[in-house]
Amino acid sequence: MSKRPRVRAPELQGRSWINTGGKELSLAALRGRIVVLDFWTFCCINCLHVLDELRELEEKHRDSLVIIGVHSPKFVHEADHQAVVDAVERYQVHHPVLDDPELATWKQYAVRAWPTLVVIDPEGYVVAQHAGEGHAHAIEQLVTELVEQHGTKGTLRRGDGPYVPPEPVATDLRFPGKVLALPGGNLLVSDTTRHQLVELEPDGETVVRRVGAPERGLADGPAERARFSEPQGLALLPDGAVAVADTVNHALRRFDPVSGQVSTLAGTGRQWWQGSASSGPAREVELSSPWDVAWFADRLWIAMAGVHQLWTYDPATETVRAAAGTTNEGLVDGPAEEAWFAQPSGLAADGDRLWIADSETSALRYVQRAAAESADDGGFVVRTAVGSGLFDFGHRDGAAGQALLQHPLGVTALPDGSVVVSDTYNHALRRYDPATDAVSTVATDLREPSDAALVGGDIVVVESARHRLTRLRLPEEAVRVASVAHRTQRAATEIAPGRLRLEVVFQAPAGQKLDERYGPSTRLIVSASPPELLTAGSGTGTELGRELVFTEGVDEGVLHVSAMAASCDDDPAVEYPACHVHQQDWGVPVRLTPGGADRLPLVLAGLDTPVP
C-alpha cells in the first residue's frame with residue numbers, strides 16, 4: 001500500500017442524526033471500522049449519482065465499512081430538519097446521516113464542493129478525499145486494501161453497522177414526482193420512491209392500477225412485471241403512449257395505457273460520461289438522469305438533469321441527440337448549443353416556446369426557434385425569463401428581472417399564455433406572465449410542489465413531501481407574500497489581488513494511470529461571475545493547473561471551475577483496460593484582500609493540504 005499522509009480525522013459535529021434510532025455517533029466509537037464520509041445536499045444531482053454509486057460498495061463491505069452522510073445544505077429549505085429527513089427516505093439512503101445545517105463538519109474537513117467523499121481508516125486517519133462523482137471504483141479498491149491491511153494488523157473491527165431503518169409509512173403515494181392528465185380523465189403519477197407509476201381516478205385519490213414492481217430495477221414487460229428506478233417526468237406521445245423519464249435507470253421508457261406494456265425507448269441503463277456519444281440510435285446511447293419530458297417541435301424533449309442539457313428523441317428515426325447546453329453548469333443564454341443550464345428538471349410546451357424549470361439556478365427559462373431571419377435553419381435559442389444564477393434565490397414577486405424563485409422543479413403552461421412554476425423549495429405556486437413580464441404568487445403552504453397539471457378549470461399539484469395530489473382553483477388575484485432574498489451561505493475564500501495559481505489535485509487511484517494514448521485525458525474549464533472578475537485565465541484547456549489574473553477594482557465574485565480526468569487500469573497484460581472518469585464542478589466564492597492566498601488547490605482525487 002502506498003504511503004499516505006497521516007491526518008487525524010476531526011470529530012463529527014452537527015445538529016442531529018438520522019437513521020440511527022436516535023443515537024448520536026462519533027468517530028471515536030467507530031474506531032476499528034473503515035468510515036466513508038459523504039458530504040452531500042439533496043438538491044444536487046451529482047450527490048444523488050454518488051448515493052447510487054455507493055449502494056454496491058455499502059452492501060459488499062457492510063461488516064467492515066460504515067458510510068455516513070454529512071448533509072451540508074446549499075438552499076435555505078435544505079437546512080430544515082424535516083426536509084432532510086424526507087430526503088433521506090425519498091432517495092433511500094440506507095446509512096446514518098448527520099444533519100449539519102451550519103456546515104460545521106464541512107468546514108472541519110475543508111470541503112469545497114458537493115459531493116465530496118472522505119475515507120477514514122480504522123485507526124481514525126484520513127487516507128483519501130474525492131470530489132465529484134465517478135470514484136466508486138477507486139474507493140472500492142482502497143477499502144479492499146484497508147480491509148486486508150488492518151485485518152492483518154489487528155486494527156479492523158467487524159460487525160453490524162449503526163444504521164437503523166425508519167418505520168415504514170402506509171400511503172398510496174410516496175414522494176410522487178410528476179403528474180400527467182390522461183385523455184380519458186384519469187391522472188398518471190410517477191410514484192418515485194416506490195419505483196412505480198400510479199393511475200388515479202379524476203378525484204386524484206382513488207387508485208386504478210399500479211405500473212411496475214415496487215422494487216428498483218430495469219425490466220420491460222407487462223405492468224405487474226416491469227421495473228423502474230425513481231421515475232419522474234411523464235409526457236403524452238402522438239400515438240397515445242406515455243413517455244417516462246426513468247431517472248436513476250438513465251433511460252427513457254414507454255408505457256402503453258391500453259395494453260399496460262412497458263418498453264424502453266432510449267438509454268442503455270448506464271450513465272453518460274464525458275466522452276460518450278451524444279447522438280445516435282436511442283437504445284445504444286447512454287443518458288444521464290433524465291428528469292422530465294415534453295413533446296415540442298415534432299420531437300420529445302428531455303430535461304437531462306445529470307449533464308445540464310436538453311436532449312431530444314425522434315420516434316420516427318428512433319434516435320437521440322443533445323439539443324441544448326454544453327454540459328457546463330450555470331446560466332448562459334444564446335444559441336442552444338452554447339447555452340448553459342443547471343439541472344433542468346421541469347418542461348412544458350406552449351405554442352412556440354418550451355418552458356424550462358432550471359432548478360439549480362432557481363430560474364424559469366425557455367427554448368424557441370431562432371429569430372425570423374434564421375427560422376428556416378432549424379436552430380433554437382435559449383432565453384431566461386426569471387433568475388440570475390447559481391447562488392441567488394428567494395421568494396420575491398414583481399418585475400421578472402428582480403423576482404426570485406428557490407429550486408423550482410416543475411412548470412405548467414396555462415391557456416392565457418402564462419405559466420405556473422412549481423416553486424419547490426418555497427412551497428409555493430408562482431405565475432409568470434410574459435405579457436407583463438412579472439411574477440406573482442398564486443398559492444402557498446404547499447409542501448415541496450414538484451409538478452402540476454391542468455384538469456378542467458383547476459390545477460392539480462403534486463405535493464411531493466405530503467405524498468398526495470392537491471386540487472386548487474387558480475385564483476384571479478395573486479397572493480401577497482413578504483419578499484425574501486438569499487445567497488448561498490458559504491464563506492468566501494480570501495484571495496490575494498493580482499495573480500492566483502489554480503491547481504486541481506488529481507492522483508490516479510492505486511492500480512490506475514492517466515492514459516494519453518488517444519490524446520489528453522484531463523480537462524479544465526474556468527469562468528467567473530461576474531465575467532469581469534478575471535482579466536486572464538478563463539477558458540478550456542487540458543492542464544489541471546492554471547494561472548488566473550484578477551481585474552483590479554473587482555473585489556469579489558465566484559470562480560466556476562470544471563475538471564475531468566480519465567484513468568485506466570494499469571496492467572500491461574490487459575489489452576483493453578477498463579477506464580474510469582472522474583469529474584466535478586466547483587463554484588468557489590472569492591474575496592480579494594491583501595494577505596489572501598495566492599494558490600487555490602481543489603481536490604478532485606487524493607489529498608492536498610492536511611485537514612484542519
Side-chain angles (χ1 to χ4, degrees), residues 14-25 38-45 47-55 58-59 62 66-75 77-101 114-115 161-179 189-198 210 212-217 227-232 246-249 289 291 345 359 407 409 422 424-425 427 446-451 462-470:
R15 174 168 58 191
S16 58
W17 287 88
I18 303 167
N19 280 354
T20 64
K23 181 180 178 181
E24 293 194 1
L25 303 183
D38 175 19
F39 290 86
W40 70 299
T41 188
F42 63 78
C43 72
C44 162
I45 191 67
C47 299
L48 303 187
H49 288 166
V50 167
L51 287 177
D52 202 50
E53 290 176 0
L54 292 176
R55 296 186 201 281
E58 193 168 33
E59 176 62 25
R62 58 183 175 180
V66 175
I67 295 177
I68 294 177
V70 182
H71 189 268
S72 312
K74 170 187 174 181
F75 289 98
H77 172 61
E78 293 176 304
D80 178 81
H81 178 67
Q82 185 57 49
V84 182
V85 172
D86 288 344
V88 167
E89 180 188 350
R90 181 195 302 268
Y91 298 115
Q92 299 181 315
V93 179
H94 293 165
H95 52 251
V97 173
L98 175 62
D99 181 12
D100 183 20
W114 298 279
Y163 169 64
V164 178
E167 290 294 326
V169 181
T171 54
D172 287 332
L173 301 174
R174 203 69 188 162
F175 297 105
K178 303 289 185 180
V179 61
V189 183
S190 52
D191 197 19
T192 304
T193 297
R194 294 202 178 115
H195 315 295
Q196 294 178 313
L197 309 181
V198 179
R210 294 182 178 274
E215 298 87 20
R216 187 189 302 272
R227 288 197 177 191
F228 301 92
S229 186
E230 298 182 30
Q232 287 282 350
D246 194 4
T247 304
V248 177
N249 275 328
S289 296
W291 207 276
S345 301
S359 63
H407 198 80
L409 291 178
S422 295
T424 309
Y425 288 3
H427 310 298
L446 302 169
R447 185 69 183 173
E448 293 192 16
S450 56
D451 196 25
V462 179
E463 280 199 85
S464 187
R466 284 199 176 113
H467 320 293
R468 71 186 189 191
L469 302 185
T470 298

- Message: Working note: Leu469 + Val462, criterion side chain to side chain contact (heavy atoms under 4.5 Å, CB included); need CA distance, chi angles, decisive distance, verdict.
- Response: CA-CA 5 Å; Leu469 302 185; Val462 179; 3.8 Å; yes
- Passes side chain to side chain contact (heavy atoms under 4.5 Å, CB included), Arg227 versus Asn249? Steps please. CA-CA 10 Å; Arg227 288 197 177 191; Asn249 275 328; over 6 Å; no
- Apply the test side chain to side chain contact (heavy atoms under 4.5 Å, CB included) to residues Val198 and Asp172: give CA-CA distance (whole Å), side-chain angles for both, the deciding distance (0.1 Å), then the verdict. CA-CA 9 Å; Val198 179; Asp172 287 332; over 6 Å; no
- Task: Take Leu409 and Ser422, measure what side chain to side chain contact (heavy atoms under 4.5 Å, CB included) needs, and give me the verdict at the end.
- Result: CA-CA 6 Å; Leu409 291 178; Ser422 295; 5.7 Å; no
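The backbone N or O of Ser450 lies less than 3.5 Å from no partner atom in the side chain of Thr424, so there is not a single donor-acceptor pair. A donor-acceptor pair is defined here as one N or O able to donate and one able to accept, closer than 3.5 Å; such a pair exists between the side chain of Asp451 and the backbone of Val179. Put simply, the side chain of Thr41 never gets that close to the backbone of Cys44: no donor and acceptor are under 3.5 Å apart. Side chain of Thr192 to main chain of Pro231: a donor-acceptor pair is present (N/O by atom type, distance under 3.5 Å, no hydrogens or angles). A donor-acceptor contact shorter than 3.5 Å is absent between the side chain of Trp114 and the backbone of Cys43. Side chain of Asn19 to main chain of Val93: a donor-acceptor pair is present (N/O by atom type, distance under 3.5 Å, no hydrogens or angles). Looking at Gln196, its side chain never comes within 3.5 Å of a backbone N or O of Asp191 through a donor-acceptor pair.
Between Glu58 and His95, the side chains place a donor N or O and an acceptor N or O closer than 3.5 Å (distance only, hydrogens not considered).
Atom CG of Leu98 sits about 8.0 Å away from atom CD1 of Ile68, to the nearest 0.5 Å. For the atom pair Tyr425 OH and Ser359 OG, the distance stands at 7.5 Å (nearest 0.5 Å). Between the CG atom of Leu54 and the CD atom of Glu59 there is a distance of 13.0 Å, given to the nearest 0.5 Å. Separation of atoms CD1 (Ile18) and CD (Glu89) is listed at 11.5 Å; rounding is to 0.5 Å. Rounded to the nearest 0.5 Å, atoms CG (Leu446) and OG (Ser464) are 12.0 Å apart. Rounded to the nearest 0.5 angstrom, Trp40 CH2 and Glu78 CD are separated by 9.0 Å.
With a 4.5 Å cut-off on side-chain heavy atoms, His81 and Ser16 count as touching. Put simply, the side chain of His49 does not reach to within 4.5 Å of the side chain of Asp52, judged on heavy atoms. At least one side-chain heavy atom of Leu48 sits less than 4.5 Å from a side-chain heavy atom of Leu51. Two residues are said to be in side-chain contact when any heavy atoms from C-beta on lie closer than 4.5 Å; Val248 and His195 fail this criterion.
Residues Arg447 and Glu463 are not paired through a salt bridge, judged by the lack of any N-O separation under 4.0 Å between the basic side chain and the carboxylate.
Here the closest non-hydrogen pair linking Asp100 and Gly14 is OD1-CA, 4.0 Å. Smallest separation of non-hydrogen atoms from Val189 and Pro176: CG1-CB, 3.6 Å. Residue Phe39 comes nearest to Ser72 through the heavy atom pair CD2-OG, 3.8 Å, listed as atom of the first residue, atom of the second, then distance. Among all heavy-atom pairs drawn from Asp38 and Pro115, the shortest one is OD1-CB, 4.3 Å. Of all heavy-atom pairs spanning Ala465 and Asp86, the tightest one is CB-OD2, 3.8 Å.
Ring-plane geometry between Phe175 and His467 is classed as perpendicular, the angle between the planes exceeding 60 degrees on a 0 to 90 degree scale with a lower cut at 30. Classification of the Phe42-His77 ring pair by plane angle, with boundaries at 30° and 60°, yields perpendicular.
Of the residues Glu230, Arg55, Arg216, the one that meets the side chain to side chain donor-acceptor pair (under 3.5 Å) test with Gln92 is Arg216. Just one residue in the list His407, Arg466, Arg90 forms a side-chain contact (heavy atoms from CB on, under 4.5 Å) with Glu448, and that residue is Arg90.
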